[in-house]
Each structure stands twice: as C-alpha cells, then as structure tokens.
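Each remark here refers to the structure printed beneath this line.
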Amino acid sequence: MLEARDRLIVALDVPSVAAAEKMVDRLGDTVAFYKIGYQLVFAGGLPFAETLIRAGKSVFLDLKLHDIGNTVAKGVESVARLGVTFLTVHAYPQTMKAAVEARGDGGLRILAVTVLTSYDDANLAAAGYDFTVAELVAERAAQAHDIGIDGLVCSAAEAARLRSIVGSSMALVTPGIRPAGADTGDQKRVMTPARAIAAGADHLVVGRPILEAPDPKAAAAAIVAEIAVAAES
Ligand code: C5P
C-alpha cells in the first residue's frame, strides 16, 4: 500500500534548475516525488534529477521516448543508470518492448502514453489512424499489459475503464488534477484528487495548482491530505 505522500507527483514545469531548486526547497518534506519534462530536461534537468535522487526524492522523467527499438533500448539503459523511478514512452509495441527489455532490475518502471490527450478523433484521422481515440487507447493499453509495461499515463476519466483492461498490477498515473475550486488552465477534463483516487489512480501528477499557489507547500499538503482520506474510504 502506497503512502499518500508518495502518490503525489509534482510536475516541475519551470524554466531553470534555479527555479526548480527554489520550488523543491519550498515544498520540503511535503513532496517526495517530482516529474521532470521537456522544459527542464533541456535546461540542466538531468543532473538536477540526480541531485534530487541523492536527496532521497523519487523522479519521473517524462521524456515520451519513441524511436527504433535499438535506440530506445540504449536510451532506457542510460536512464536506468540515473536512478529514476518512472520513464514515459509512447505506446507503440516495438518501443514498449525495447523499453521493458532494457529497463533492468534497478527499480526503473516504464509508463506508456496511450494517445496524447491533446488528440481527438479528427486529429487521429488526420494522422492516418482508422480508430477513434477510445478504440486506440483500449488497444494500446491491452498491448502495454501484454508486453509487461509497468503503468499507463491516463486522464482520471479513463482510469476506471483502463483498470478493467489492464488489471490491478499496472500503475495508473493521472495528470489533469484540480482541487475543488482551482483554475483549470488549459486542461479540459479535470478531476479532484479524491475523485481520481476513487477512480483507481495510483499516482496524481499536479503542476500549476501547486507551482502557482500563494503557498505551494500548503497546497501540496492539502492534496496529500485529500489523497489520504480518499485512499481510506
Ligand atoms: O499544471 P498541470 O497540473 O496541468 O500539469 C500537468 C502535468 O502533466 C504537465 O507537466 C503536463 O505536461 C502533464 N501531462 C498532462 N496530460 C497528459 C500527459 C502529461 O497534463 N496527458
């Protein structure tokens, strides 16, 4: 059973290591898990990830890898040496297989992104797919499960349906989380932390509701408390 604090992943969507350090400092012991994506990774984020890991934090590298199998495998081997906990890849069978085979046994877990949430049915058709988003998400989730992927990134709205496809062993990691009353920003399908946990999410990824809060530590603590209550009920 995961501790409530370990179920919150704060998205460090900030432009520099200095800004990231400042936020991590402000959040202190309230937050144990951080996501680093394109913005920070290309601005010194990898050495910073290692610093976080040395400080006892867990790191989710949101790199959404996709390339020929050999290149994915070599990249994943390098990421595994960093001591990262989660790494994302796009949910193409070759890519997922290569990542799973290369992740080793040092604790790195591979998460698959089924269909980017910015895609609707028309976007998929324009990209050459003859599937709806719902069909492709379900197909790729089943493939991810069969290949041995460790978890999926999905909206909380998809969590219950995906749980029925992939069973209980895979982690479901859900962004698009907004505490009641928070600004939704550009997220279209949002859920409160409590509802996301009830829908079957294991980890919640939260960025702006914490980063832009007047008191980020208090905002994070409130979300951890909400997760704890929801997990008990
Ligand atoms: O600020 P906010 O809480 O919306 O941030 C959510 C984080 O999750 C961002 O880093 C965003 O890139 C990421 N994400 C997302 N939707 C996805 C996958 C990742 O919002 N489908």
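Numbers here are sequence positions counted from 1. In this text the structure is predicted, and so the values were computed from the model without any measurement. Counting convention: from 1, in listed order, for ligands and their atoms alike.
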| What orientation do Phe42 and Tyr38 show, parallel under 30°, tilted 30 to 60°, or perpendicular over 60°? | tilted
Table of N or O contacts for ligand 1, cutoff 3.5 Å:
| residue | atom | partner | partner atom | Å |
| --- | --- | --- | --- | --- |
| ligand 1 | 1 (O) | Arg208 | N | 2.7 |
| ligand 1 | 1 (O) | Arg208 | NE | 2.7 |
| ligand 1 | 3 (O) | Arg178 | NH1 | 3.0 |
| ligand 1 | 3 (O) | Gly207 | N | 2.8 |
| ligand 1 | 4 (O) | Arg178 | NH2 | 2.8 |
| ligand 1 | 4 (O) | Gln187 | NE2 | 2.9 |
| ligand 1 | 4 (O) | Arg208 | NH2 | 2.8 |
| ligand 1 | 10 (O) | Asp13 | OD1 | 3.4 |
| ligand 1 | 10 (O) | Asp13 | OD2 | 2.7 |
| ligand 1 | 10 (O) | Lys35 | NZ | 2.9 |
| ligand 1 | 20 (O) | Gln187 | NE2 | 2.8 |
| ligand 1 | 21 (N) | Thr117 | OG1 | 2.8 |

| field | Asn70, CG: over 12 other non-hydrogen atoms inside 6.0 angstrom | value | yes
| With a 4.0 Å cut-off, would you call Asp215 and Arg26 a salt bridge? | no
| Taking it one step at a time, do Met96 and Gln143 satisfy side-chain contact (heavy atoms from CB on, under 4.5 Å)? | CA-CA 9 Å; Met96 293 193 287; Gln143 288 173 336; 4.1 Å; yes
| query | Any ion pair linking Asp29 and Lys217 (charged N to carboxylate O, less than 4.0 Å)? | reply | no
| message | Counting the benzene-type ring for Trp, do His203 and Phe60 have ring centres under 6.0 Å apart? | response | no
